[in-house]
Amino acid sequence: MNLVHILFWFLSALTLFSALMVILSKNPVHSVLWLILVFFAISGHYVLLNAQFLAIVNLIVYAGAIMVLFLFVIMLLNLNKETEPKKNVWMKLAGTIAGGCFLISVTNVIYNAQTSSAELVNKTTLMGKGSIGLIENLGKTLFTDYVIPFEISSVLFLSAMVGAVIIGKKK
Amino acid sequence: MNNLIYLVPLLPLIGFLINGLGRKHLSKPLIATIGSGTILLSFIISIVLFFDIKATGGKVITAFTFINADAFKIDFSFQLDNLSSLFLLIITGIGFLIHLYSAAYMDEEKPDHYARYFAYLNLFVFSMLLLVMGANYVIMYIGWEGVALCSYLLIGFWFKNDNYNYAANKAFIMNRVGDLGFVLAIFWLLTKTGTVSFNELFTDATLAKLSTTDITAITLLLFIGGASKSAQIPLYTWLPDAMAGPTPISALIHAATMVTAGIYMIARSNILYSMSEVTQHIIAILGIATAFFSATIAIKQNDIKKVLAYSTVSQLGYMFLALGVGAYTGAVFHVMTHAFFKALLFLGAGSVIYALHHEQDIRNMGGLKKKMPITHLTFLLACLAIAGIPPFSGFFSKDEILAVAFAKNPIYWVLGVATSILTAFYMFRLYATTFLGKYRGTDEQAKHIHESPKTMTIPLIILAVFSVIAGFVGVPTVLGGSHQLHQYLSPVLSAEKVFHLEHSTEYMLMGITVALAVIAIFYAINKYSKKPELNEPSGLGKILANKWYVDELYDAIIVKPVLALGSFLKNIIEKSGIDALVNNVGTFVQYAARQLRLVQTGQVAGYIMMMVLAIVVFVLLWFYDASILKLIGKLFY
Amino acid sequence: MNAIIISALMGVLMMFTSIITSNKQVIKNVALIALLFLLVGNIVDTYNIFSIKVDTKGMLSFGKFGLYFNTLIIAATTIFVLLSGNEIVKTGDYAADYFALIFFVLCGIAILSSFNNLLMMFLGVEIMSIPLYILTGSAKKNLKSNEASLKYFLMGAFSTGIMLMGIALMYGATGSFGIQAIKLVDNELSFTKVMQTPLLEVIGLLLVYAAMLFKVSAAPFHFWAPDVYDGAPSAFASFMATIVKAAGFIALINLFFLKAVELHYLWKMVTVLVIITTLIIGNITAVFQQSVKRMLAYSSIAHAGFMMFALYAQNDIAKEGILIYTVAYSLATIGLFAILAKMDDYSLEGYNGMAKTQPLLAFANAIFLLSLAGIPLTVGFFAKYYMLAAVLKFSGGFGLFLTITGVVFAAVSVYYYFRVLQAMYFKEGDAKVADVTVGFKLGLMLCIAAIIFFGIFPDVLLAWFYF
Amino acid sequence: MPIQYYIYLALALFCIGIVGVLTRRNAIIVFMCIELMLNAVNLLLVAFSQMHQNAVYATNKVTSAGIEGQLFVFFIMVVAAAEVSVGLAIIVMLYRNTRSVDINFLNRLKN
Amino acid sequence: MISVLLILIPLIAGILTFFIKSNSASKQWSVVSSLAVLVITLLGIFVYNKGNYLNYDVNWITTLGSRFTTSMDGMSKLLCLLTAISFPAIFIATYKNEYKNASQFYGLMLLCQAGLMGVFVAADALLFYFFWELALIPIYFLCSTWGGEKRIAATFKFFVYTFLGSLLMLIGIIYLYYKTPHHSFAMTDFYALQLSAKEQGFVFWLFFIAFAIKMPIFPFHTWQPDTYEQSTTAATIVLSAVMVKMGVFAIIRWIVPVLPLAVSHNASIVIILSVTGMLYASFIAIRQDDIKRLIAYSSIAHIGLMCAAIFAMNGIGLKGVMLQMFSHGINVMGLWIVAEAVELKTGTRKFSELGGLAQKMPILAMLFLVMILANVSLPLTSSFVGEFLMLGGLFRYSMYATAVAGICIILVVTYSLNMMRKMFFGNTVSITENVGEATNNVQWVLAVLAIIIIVFGVYPQPLIDLTRDTVLFITGK
């Protein structure tokens, strides 16, 4: 077990634990903070996977921008208390079971994929090597092969912008 | 000559149309003239045709193709031969007399009803002529139903009275039972032989296509038709009820002509019937049973027309007995003589009823002998004729039947004689109660009693003459005659069975019959002329007076169950069954709609959970239940 | 490519219109002109008269089918704006922006009709969806509208997550986002073979399928639809229920009608299940609705069930069928919603006696309802006809069973459509309808004429996109 | 690393997100859980990207195989950002009207 | 060409009628148009009765392989004649009735006529389906707009029922369409199909259920009494005199020649159903107290026999069926007109509340009697010939079925005469005390119908000859 493995397991555990804490925390602010931790952990994974640029972007966009926005809204709406009333236990249980079912059924399929159909045998990720995660390569591809989606996503932003304005304005 | 044949049925039809359409505009005398005149013309033509046929033999003429559909080729054609021309004479002759009689009898009716009456009557004659002139079973069937219709219309002529309407319905419905048999027989014949025309059917080649079973079935089915029309057990109950119609109708339709249609039909099919022993036995047994059974009922009836009605049923039973034992000529002979004397009886009764202002209960009559001499005399002659007293016509025809019955099976004869005795008894009971003794009505009523007008009495006289002499066309060899009728009909009734009885036996049989009848007559006159039976009968008498409760029995075993079934189907099966099933589908959909609506809880978490679960189900279906899917798939592939 | 570019540009144009003028009628008219421009732009593209050529690196491919579909969608939108334009501008203070969003939606639809790559599909779906979240919530003071908006948004975002997971798994299996890379190897049914299919890909596809089923509101992913259509302003509800739904189908068809995707027997099984559930839920639940608007929402689910027939059939007839279904369904539903928006009372009782107070509107409603019910002489019949024909083309399998189920529920659908008809024509009442302009009436007549004309001479339509 | 580790990890994260969506009633938290799901996808995509890279890396060190996976992550982030802006706007709007962000109270529309 | 005119005239006239404001003008307009159709029908049958005059063929939906093909064979002619007679008869007989929104009423009636004519002349399955529905929609509106209290629910049941049936038929049509070599809907192509017994089996049921609902055959009949009872008589006449014949017609036209194997295979089931239905309906009819319901059940019984006779599959039965379609149409039309006249005069349809009408309306009574007699298939009415041939045909298939069917001959008399008795005979009651004779229009129409009944009862051969080509074709197959 080398460092990569140790880091992988550590980050995985951290991710899952933080994620669990996101949904278990009573206080929304805590949830946000736990979520930010998740993002950090995932960024760690990205670094392990040699996707450095994404790791940075993830931190900037998600942990930096998006989560701050969340925090901001929570503060704005004054929800930073443990105000959430008790949700029906049965609903919680049912929700957990449904999610669990999903997890089990899908992972079981994946498990099958590696055992009976041998689809995933010997498929490993390249750790810490390769250059596709570099900003240079990504940028080149983005502005050559992926220029169309890139341009088109501007429409998306436009509409989101318009929308946010329409919805967000007080009147 | 051929065109004359068309005229025979056509004239009554024209009369029907004129009277029917012009009923608002024609005067009564004109109506009567048209009504009777057309029949008279038909009668005259019938006479001409009769002699023509006698000279040249039978013929078939085709008016047009009635139905020509694949294997069904049915011509609208008439067959005029010895048998049918004889019937033509009876129908138009007696028909004319009854028209004449009706002119006076129905005088009280308003002109439009008067016209309606004559129109119906003409239509009846037309139908009856179709029936006997038809050259195939289908045309016969047309007439067959036509007479049933006219019978229905005329029984219910006074439609304000609901009982009459019931009787009319009953007559039609019971006739329909027979019609079903008839029509099935037609199909059977058509299916097996491809023809229903008499000439083609009654050839050896065609008959060879029929197996014994076929013949038995066909003859039995036809017999059902005959039995319903001619009021045989078990389909006779309509006839007594049919007396609801005006009395001339009873005379014409329910005594002289229509009810003999069954006999005519079987006589016409004699070749078929002779080929089936089974059917013949059944006919004979049912015939004699009817004869005896209805005679017993007649004993205790108090309605003058009811007595005659049961008497008619009884006499028809005789005729069927004759048919059953193969004495077709005898049957036709009796039809003929019966037509005269029974028409006479009814008309006489009508005369009485007319005189007594629609009083029909003999218990309220009596002593009419002096007030209505012509009616009385003619009625007496008719009674003697029906009782079988020589030399009146009834004697000859009845004797012939009894003789053949004896030859076939003495039991038939015994019952026949018993019936004959009963006949004599009840006829003279009727006679005595009506004409002899003292008048039992009020004096006021008595003053108004008078003999009927000429238009009524003349037919009575003519019929009386025929009742007396008609028998002489069939004087048997044993009495020195040559039985002209037999000779005349032999070309048509080729399947006639000839029995040879010892002359001594025949004499003996005649003697016994006549003697017993005479005793019965005297007993009856003696018993009833002085002290008529006015009280309600009891014991057996009550049962007889109530007609053995057959109507009640039918009501219980047929009418009520049918109605109950109808109600059951209507109220239970239709409403709570099929309709409810259909409606329940709707209700279920609505119920399901209300329940399914509740799934839409408005809770986002719930919705999402459903989505997640659906995905889980998809995944499971896909990956883990291939074998189950295979199974389901097999069902649809 | 024309449609994508022009619609995006027109969207921007609309945004600027609000700066120039605040007159709502002008805005509406500008939007109409822009739509016509877009329509023309797309048509010239269809016939290769003038088309902007951009190297899309295989991410988009413009086939006739997609272009025809765009034309129909844009035409339907034009009619929608024609009929409901006044309702749109009345919804809130941002008339021009609403139109801008509609154009962005059209842009998304244009992408969906031509994507060749899962990334483009994802973007298309999002470009289409995000404006819709906003439009749903555009009646800002209306709590129902707010609620609908949030529900739609949360569930939409969730389904996006599902779709992305699917795409990721597919990517893992194939190493590409191109849809040509999708391959399901085996057509035959056997347990071992099922297990040998590329499982990651299959499960990915299943997840994408589920997410797209959400967009077309097929059961059991339909739950958002009644609530959202009910809560959204009528005009936008009609837009979502018709045009957007059809776009969902176009995406599904693009995804699943590939020659390479010899879709699996089991896949059909899943589809049959979805179809039947959709038909049952859509039709049965609609039966008891008291609000016509909500009834129409359920009816739109039911129609999704019918349109799913095309997915089952996966043949050319199905493609044509989807087109004609889009026309039939959109025309009728847009019309119904347009009239509905003029009503005071959305409940069934509100329609009582409409035939007397507003004969033309009642007649139009009747024709729309008959068309939705699939009665001949209306184009709705041919829509249903095509769906049945598509499934029956390769008889066997569940085809017959499916079609019979379909028609049984079509008969059920008559039940709720005709309740409206009965209310309008056979019941006494005093239906209150806001004043309608001559233009509105003309628009309705245009719709009626189109429905009946295409219903009698569908050849005009069919010959056009017969391929 | 074997790819299935990443798959399991991503799925687990994804399912935690789902469970969160299903169990929480605060709209913002629900939304955050959705973001969690998206991040799971991102992680998975990057992992797959590296897996595809790995398949050719041994023979071609400068290959860009698998790069589309990472680019896709970009776009997901873009969309997520857009969604967040719209979503939060909606939540704020709702809060203004109802003084609550509890999705359990979103039941005016039902049946 | 004539076949197209038969559709176009009522169609155009009907559409135009909607725009006529005046009630009386719309009445006159529709009478004129329907008489024009009658004249053209007669011309088509007697004068221009050769193929080119009657047939028409033009491109319609090329892409689907459907053509606007119409043709008229004997059976079509017979039914077109029936349709052509019935509409003027209805219009004239009910001329005095004032309908609310008369122009709509007459417009819908004429549209309905167009649909009916179309059904009878269509020689293309899709076209047939179109007209099948075109006939249904107007009648739905007719029945729902004008009529009794519960009309909406009743006619709705009718509509959903028939609509479901026709959709099933549509599946069948599409299925057959794909079996034709060049994917067409042409009748001739359908006739040329050679399907396996299994395929024929389920296509048969798809078609049969549609037609069985329309006819209606037990147990699909429950819509009928309710609808007849609740709708206005004019609509009822269209329904029962002509529209139910669509089902019978369609079986002969679209099932029998296309799916011969299935027909012979399923004949016994269908015949058992039909005959059961006959008995069932007859028994229920005995217990009915409502004129309209009684006629409805009676009609079910008659139609049952027609259906059974078709499935006996022989020329005799088929000819009988075609004849009976015509004569039952005429006959039942007469019955309805009387029912309407009586209801109009007395305000009730319950015959237990009536009585003695024969005194008050003697002419109507006579004419009704003719109708009743035709209803019981008395010889020398045209129904007799039809029924005789049908029973004869059925007899060749099964004696027992015929015998059971024959029981209905008895039952039909029972309830028909009972109705006659209760309504017209007996003494007058308070309701009927002051009733006058029916209008002249009613009398004239009934008289004409009675003449038709009797003329074709005495001389049915022209009608039988008319059906020859159709039957020859079917039996030849």
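Lettering follows sequence order; numbering is per chain, from 1. Atoms considered below: every heavy atom in the structure, side chains included; atoms not considered: hydrogens, waters and symmetry mates.
At a 4.5 Å heavy-atom cutoff, V272(C) makes no contact with chain B through either its backbone or its side chain. Residue contact with chain B, scored on non-hydrogen atoms closer than 4.5 Å, involves the backbone and the side chain of F221(C) alike. For I280(C), the parts lying under 4.5 angstrom from a heavy atom of chain B are both the backbone and the side chain. In this structure, the portion of V612(B) lying under 4.5 Å from any heavy atom of chain C is its side chain and not its backbone.
Side-chain atoms of T160(C) and E126(C) include a donor-acceptor pair closer than 3.5 Å.
Taken from CZ in F187(B) to CD1 in I218(B), the straight-line distance is 13.0 Å, to the nearest 0.5 Å.
Minimum heavy-atom separation, A304(C) to S217(C): CB-O, 4.0 Å.
The six-membered or imidazole ring of Y209(C) lies near that of F256(C), with a centre-to-centre distance under 6.0 Å.
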